[in-house]
Amino acid sequence: MNLTLKIWRQKDSNTKGQMVDYKVNDISEHMSFLEMMDVLNEQLVNSGEEPVAFDHDCREGICGMCSLYINGEAHGPDRGVTTCQLHMRMFNDGDTITIEPWRATAFPVIKDLVVDRTAFERIQQAGGYISVNTSGNTQDANAIPISKEAADEAMDAATCIGCGACVASCKNSSAMLFVGAKVSQYALLPQGQVEATERVLNMVKQMDEEGFGNCTNTGACEVECPKGISLENIARMNREYLKASLKG
Amino acid sequence: MSGIFHSSIGRKFAMALSAFFLMIFLLLHFSVNLVSVFSEDAFNQASHFMGTNPLVQFLMQPILILGVIFHFVMGFVLELRNKNARSISYAKNNGGANSTWMSRNMIYSGLAILAFLVLHFIDFWLPEINTKFIQGDISGLNIDGNFRYYEELVHKFENPLRVGAYVIAFVFLCLHLLHGFMSAFQSVGANNKYTKALQGFGKAYAIILPVGFIFIALFHHFSH
């Protein structure tokens, strides 16, 4: 298929960017979206132009590295997939595809389609962990009884790959689905209880300091999340936060 | 506890609490209005009670006004903060693919309701305050010695322009509630096995109340 691509080009974080049009021909419908981008970059390199910078790593939908706002949706029009797992069969011959970086003040553009997502890492560092003594006498996690329901819900929350699609899709650039998932995966398990109060208070504080917006419960994040993280996690985080505020 | 209302979650929690309060008030207001359809006398009695009871006038009314102001001011604060969270907009954004129009446009439906409230205050609240507290007439009676509330209501709904404005405002109220009802529950952390049932109740509330208000306005416009 032959396509017209409208891509955000930006030299670096200090330079103003703009949308630039490109044509790519003979794209196979079996290609992934990133392979199509590879074809474009090969074309650009061969013609002596700067290739388009975009994030990618595993290309198996599990690392959370790829991003891209494609035709007005995070990770494109397909559901439950990251951009690397989005296939060109989702598009038609002759289509014009708009490709932009995640847009959020807390995710500044580094170059072209690459944004700085270290705000997520700072939120994680503020409390997204449990402190375990690894001196050699660590208790086997399997020795702690956990209900199947809690284990499943914690696992569902833990499938968040931190790609930032929730922030990109949210009209308020809110990071609450990400933080909700990270709070929930510990809040549901006994190992997470010891640091529960500080965890949620510190993570929410860091989230606010990073400049993410307030959740207005549109549900866009849940729909666009490649891992299907549920809004229930935001509600749980809200409960945890209110509980922690009363205690702290 | 300190700092909770300076946090994003705290602000949403406060917004939800004011929303619950306003939704309860709306139900009460609707119930009194509905009485006017069935009985002129009962409506006059209810209006006189609400208009002269010290608890309603000097405790509930100020709380209500503060609640309304808080809900609007907080709505604007949240909207401005959220706008700042995305300094560059998308060239192409397909919001309809993942969320409802109502959820994305609460500020606009809210602004329409605010405009309506200004009209509503000028129509009903200010004349009441003038009669009762400036002219000092708390009798609730007209020159003929009858209760004035019902005839004032009927008189207000004679003007088709006013009725039209009210109908449009209630459509916006419906759109606001269609998202706002469940959103308030989500903000206070209530998302559980009862959510589905609550969604149904919320939809019914969001549709029945505004449609009921529209019915009452049209009823008085056409039946007198």
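Below, chain A is the first sequence line, B the second, and so on; all start at residue 1. Bear in mind that the values here come from a model prediction, so they are computed numbers and not experimental data.
One finds a salt bridge joining A:Glu209 and A:Lys205 here, because a Lys/Arg side-chain nitrogen approaches an Asp/Glu carboxylate oxygen to under 4.0 Å.
Interface remark: A:Ala74 contributes no atoms to any contact with chain B (heavy atom separation under 4.5 Å). For chain B, no part of A:Pro77 is nearby; none of its heavy atoms comes within less than 4.5 Å. Using a 4.5 Å cut-off between heavy atoms, A:Thr216 contacts chain B through both its backbone and its side chain. Heavy-atom distances place both the backbone and the side chain of B:Ser187 under 4.5 Å from chain A. For chain B, the nearby parts of A:Ile234 are the backbone and the side chain; heavy atoms of each come within less than 4.5 Å. Using a 4.5 Å cut-off between heavy atoms, A:Leu231 touches chain B through backbone and side chain atoms alike. Of the atoms belonging to B:Asn84, it is backbone heavy atoms, and not side-chain ones, that fall under 4.5 Å from chain A. Only the backbone of A:Cys215 comes within less than 4.5 Å of a heavy atom in chain B; its side chain stays farther off. For chain B, the nearby part of A:Phe212 is the backbone; its heavy atoms alone come within less than 4.5 Å. Contacts between A:Glu100 and chain B at a heavy-atom distance below 4.5 Å involve the side chain alone, from C-beta outward. Using a 4.5 Å cut-off between heavy atoms, B:Tyr90 contacts chain A through both its backbone and its side chain. For chain B, the nearby part of A:Val167 is the backbone; its heavy atoms alone come within less than 4.5 Å. When heavy atoms are compared at a cutoff of 4.5 Å, A:Asp208 approaches chain B solely by way of its side chain, counted from C-beta outward.
A ring-centre distance under 6.0 Å is found for B:Phe170 and B:Phe116. Here B:His176 and B:Phe172 keep their ring centres 6.0 angstrom or further from each other. In this structure, B:His120 has its ring center closer than 6.0 angstrom to the ring center of B:Tyr166. Between A:Phe178 and A:Phe120, the distance from one ring center to the other falls under 6.0 angstrom.
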Go through the steps to decide whether A:Arg79 and A:Glu73 satisfy the test salt bridge (Lys or Arg N to Asp or Glu O under 4.0 Å), and finish with yes or no.
CA-CA 10 Å; A:Arg79 290 283 170 260; A:Glu73 282 186 80; 2.8 Å; yes
Would B:His220 and B:Ser36 count as a side-chain hydrogen bond (donor to acceptor under 3.5 Å, both in side chains) if you check the C-alpha gap in whole Å, the side-chain angles of each, and the deciding distance to 0.1 Å?
CA-CA 9 Å; B:His220 290 298; B:Ser36 72; 2.8 Å; yes
Audit row: A:Gln125, A:Glu121, side-chain hydrogen bond (donor to acceptor under 3.5 Å, both in side chains) steps and yes/no
CA-CA 6 Å; A:Gln125 285 157 8; A:Glu121 283 164 35; 5.0 Å; no
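More than 12 heavy atoms of other residues, nucleotides or ligands lie within 6.0 Å of NZ in B:Lys156, so this atom counts as buried by the packing criterion.
Counting only heavy atoms from C-beta outward, the side chains of A:Lys11 and A:Lys16 never approach each other to under 4.5 Å. In this structure the side chain of A:Lys111 never reaches within 4.5 angstrom of the side chain of A:Asp12, judged on heavy atoms.
Classification of the B:Phe181-B:Phe185 ring pair by plane angle, with boundaries at 30° and 60°, yields tilted.
In terms of heavy-atom pairs under 4.5 Å with chain B, the best-connected choice from A:Ile70, A:Thr98, A:Asn172 is A:Asn172. Residue with the most contacts toward chain B among A:Lys6, A:Glu222, A:Glu240, A:Met176: A:Met176 (heavy-atom pairs, distance under 4.5 Å).
Below 4.5 Å, heavy atoms of chain A meet heavy atoms from B:Leu78, B:Glu79, all part of residues 50-79 of chain B.
Proximity of a side-chain donor or acceptor of B:Arg11 to a complementary backbone N or O of B:His6 within less than 3.5 Å is detected.
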